[in-house]
Amino acid sequence: MITFKTLFGMMLRYKRSLFWGNVIAIIATLVSIPIPLLIPLMVDEVLLEKGGTVTGVIDQLSSAHDPLIYIGIVLAVTITLRFLFFILSVVSQKFFITLSQELSFTIRVRALEHLKHVSMSSYERLGSGKVITHLITDIDTIEQFLGSALSKLIVSVATLIGVAVVLIWINPLFGILILIFQPLIMLVTRKISGRVGMLKKEQNRTIGELSDTLTQMCDLFGQIRASNKEERFIDNAIDHSKRLRQSASEYGIKALMGERYSYTLFLSGFEIFRALGLVMVLYSHLSIGLMFGIFGYLWFMMTPVQDLLSLQYSFANAKNALQRLNELLSLPTEPTANVSAQSISASGPLSIHTENLVFGYDEKEPVLRGVNLDIHAGSTVAIIGASGSGKSTLSQLLVGFYPPTSGDIFYNGVSVRDIGFPNVRDAVFVVLQQPLMFNDTLRFNLTMGDEIRDDEIQKALEIAQLSEFVSTLPDGLNTQVGKFGIRLSGGQRQRLSIARMVLAKPKAVIFDESTSALDVHTESKLFEALEAFLKDKTVIIIAHRLSTVTRADYIYVLENGIILEEGTRDVLEAIDGSYKRFINSQHG
Ligand SMILES: Nc1ncnc2c1ncn2[C@@H]1O[C@H](COP(=O)(O)OP(=O)(O)OP(=O)(O)O)[C@@H](O)[C@H]1O
């Protein structure tokens, strides 16, 4: 969880930037404070010929008692101060911009680091589009607040205090009124800013939904076109866009109204102060020059007042964006390992044993309803069963993708909860029926970014029956495969995934329908070539094809989430049960 307190803590890590940014900003403010007063003072001291501090100082420096010289020098000093203010504020902003970028980077890294350990089921529940919105839009909203808070809060407050001090010097009543006026407006408009913040949250939520819809639509565009369903999907995206338009305009209008309303309140107070200035010239000793000075300061206050008011709104937005980001940061993570990874990475094959394994994507509807497997190290087993019986789900659990709802999985006698899911995934590799590829080169898809020698890659390609195909490609391993591997055939993708498995050097392999796209001849050649590689490995084959299943020493028949039959081929063939029906169905 990230709170404003956490953000403040993160900020304190950049003490140097924070210190220098603020020191320079305060010097800039001090430089700017006299600006509104200098020229108006000329009204009293030069036009009304009353003399005073400014002309007194100039007289000490020069002997020319000329009104034009007084005005010229004051003008030159004022313009110099303005430029000095400009340079100092740019320097201080530089510190703050870098700092706010560092902070949003830190938040993004923290969210990405959390994503590394998030459990698959909670990730799937949230959806990629929403995850992306949290990582981009919400963090952006927080960054906008941090950027303006860092650069404007101290400067605006310092300017207002500085102005109040000068005004107290000119007239105490004015100064005190100005000091309490700004917080009063913020208090009055607090409710509106809270409401605006909620609308921002709603807008970011609709962005998340739209991005989810668009991601899915773009990823499956070919499928949509093949079914001639563009209209339906585009209409759906338009509906989401309408919702975004609605929430964005609601937010935009209310945010603008709120800020303008607060500002109008301030301007009304500003007019009252101006009228008060006139009244004070009439009924007190306030000079016309000082009255102009007061008017000047009232204008001067505009920017810090506007900044503070908009800060109030961006604070409300950031508060809601933080809440949304915390949804991502509080997604449950995978259980962590208790025993060292050593326990299954030690040499030798892996035994896999499940005890009363229960799992459901939705906890109320179990897909696996008490599965017991006893797979000896180095053996080859097959799991068969009707479509939807839970075979792929079982393989996803065995490979450490989801934690069991109840029951347990043991690898070499150690529970998956103790080993830790990442260690299981290192040791067990699942080759999927429809492996998805990165939109990158063949080499990247084989190595996933690891440094692997070319001769090793070549060997893996040979085993996977792919080397001939790759040798015909003009760019060889540097050939781009397209999004999800679209430029490869289904069988080539399956073989590429097998080559990836060979390079990953797992201790156990699950083939989940992973040769279904190959003809029987290529499949047979592939398994022959794999024989030496798989010799010391535990192998689980999930298949619908008898020729694939017959490679197994032992067979499990899964039905409706439970093991209905199990045994060697001979034993199962002798029973008039599901396995027999499976064989008969293959013989047509
Ligand atoms: N990621 C998921 N989220 C929610 N439900 C899922 C998910 N994957 C599978 N299911 C559901 O789990 C049940 C079992 O699916 P599973 O893919 O494990 O069956 P299978 O035996 O491998 O089928 P097939 O032979 O057709 O591949 C199905 O009812 C399916 O709807």
Side-chain angles (χ1 to χ4, degrees), residues 25-89 155-185 263 266-308:
I26 287 171
I27 296 174
T29 309
L30 289 177
V31 162
S32 70
I33 295 285
I35 293 173
L37 196 59
L38 289 174
I39 302 252
L41 276 181
M42 292 297 96
V43 175
D44 289 344
E45 297 191 17
V46 178
L47 297 189
L48 302 178
E49 295 177 358
K50 288 184 184 169
T53 322
V54 180
T55 43
V57 172
I58 297 172
D59 284 343
Q60 279 179 8
L61 299 173
S62 105
S63 51
H65 301 288
D66 187 334
L68 284 180
I69 299 232
Y70 293 141
I71 294 172
I73 291 178
V74 169
L75 178 63
V77 170
T78 308
I79 290 176
T80 310
L81 288 178
R82 283 207 184 276
F83 270 91
L84 203 59
F85 172 71
F86 158 73
I87 293 166
L88 289 170
S89 38
V155 174
S156 304
V157 171
T159 310
L160 290 182
I161 292 175
V163 168
V165 168
V166 178
L167 290 180
I168 286 174
W169 169 69
I170 297 174
N171 187 297
L173 180 67
F174 253 106
I176 290 164
L177 283 180
I178 294 280
L179 262 184
I180 50 173
F181 189 50
Q182 172 64 21
L184 201 69
I185 297 178
Y263 194 49
F266 169 76
L267 286 180
S268 307
F270 172 87
E271 298 304 346
I272 295 171
F273 283 132
R274 287 216 291 191
L276 203 64
L278 295 175
V279 171
M280 286 169 69
V281 173
L282 273 180
Y283 296 106
S284 78
H285 299 297
L286 188 72
S287 70
I288 293 179
L290 285 178
M291 182 192 75
F292 279 127
I294 289 173
F295 287 0
Y297 278 112
L298 290 174
W299 278 116
F300 189 69
M301 283 168 60
M302 292 289 183
T303 312
V305 164
Q306 254 179 335
D307 285 347
L308 284 179

**Request:** Would you give the length of the straight line joining atom CD1 of Ile161 to atom CD1 of Ile168, rounded to the nearest 0.5 angstrom?
**Result:** 10.0 Å

**Message:** Using 0.5 Å steps for rounding, measure from the CG atom of Leu38 to the OG1 atom of Thr78.
**Reply:** 4.5 Å

**Prompt:** Which atoms form the tightest heavy-atom contact between Pro36 and Gly296, and what is the distance?
**Reply:** CB-C, 3.8 Å

**Verdict with reasoning, Phe300 to Thr159, per side-chain contact (heavy atoms from CB on, under 4.5 Å)** = CA-CA 9 Å; Phe300 189 69; Thr159 310; 3.5 Å; yes

**Message:** Give me the atom names and distance for the closest heavy-atom approach of Ala28 to Phe85.
**Reply:** O-CD1, 3.1 Å

**Request:** Walk me through it: do Trp169 and Val165 pass the test side-chain contact (heavy atoms from CB on, under 4.5 Å)?
**Result:** CA-CA 6 Å; Trp169 169 69; Val165 168; 5.8 Å; no

**Asked** If you round to the nearest 0.5 Å, how far is OG1 of Thr53 from CD1 of Ile58?
**Response** 11.0 Å

**Prompt:** What heavy-atom pair brings Met291 and Leu278 nearest, and what distance separates the two atoms?
**Reply:** SD-CD2, 3.5 Å

**Prompt:** Can you tell me how far the OG atom of Ser284 sits from the CG atom of Leu276, to the nearest 0.5 Å?
**Reply:** 9.0 Å

**Prompt:** Which heavy atom of Leu286 sits nearest a heavy atom of Gly277, and at what distance?
**Reply:** CD2-O, 3.8 Å

**Message:** Testing the basics here: between Val31 and Leu81, what is the closest heavy-atom pair and its distance to 0.1 Å?
**Reply:** CG1-O, 3.5 Å

**Request:** Look up atom CG in Leu84 and atom CG in Leu30, then write down how far apart they are to the nearest 0.5 Å.
**Result:** 11.0 Å

**Prompt:** So does Phe270 have more than 12 non-hydrogen atoms from other groups sitting under 6.0 Å from CZ?
**Reply:** yes

**Prompt:** Within the side chain of Ser89, is there an N or O that forms a donor-acceptor pair under 3.5 Å with the backbone of Phe86?
**Reply:** yes

**Request:** Check whether more than 12 heavy atoms from other residues, nucleotides or ligands sit under 6.0 Å from atom CZ of Arg274, and answer yes or no.
**Result:** yes

**Sidechain-backbone polar pair: Asp307 side chain, Ser156 backbone, donor-acceptor under 3.5 Å** = no

**Asked** Is the backbone of Ile33 close enough, under 3.5 Å, to the side chain of Tyr297 for a donor and an acceptor to pair up by distance?
**Response** yes

**Trace of the side-chain contact (heavy atoms from CB on, under 4.5 Å) decision for Val74 with Val46** = CA-CA 11 Å; Val74 169; Val46 178; over 6 Å; no

**Request:** Find the distance between CG (Leu167) and CZ (Phe273) and round it off to the nearest 0.5 Å.
**Result:** 9.0 Å

**Asked** Counting only heavy atoms not in Ile26, do more than 12 sit closer than 6.0 Å to its CD1 atom?
**Response** yes

**Request:** Determine the minimum heavy-atom distance between Gly289 and Asp44, stating which atoms define it.
**Result:** N-OD1, 2.8 Å

**Prompt:** Does CD belonging to Glu49 count more than 12 external heavy atoms closer than 6.0 Å?
**Reply:** no

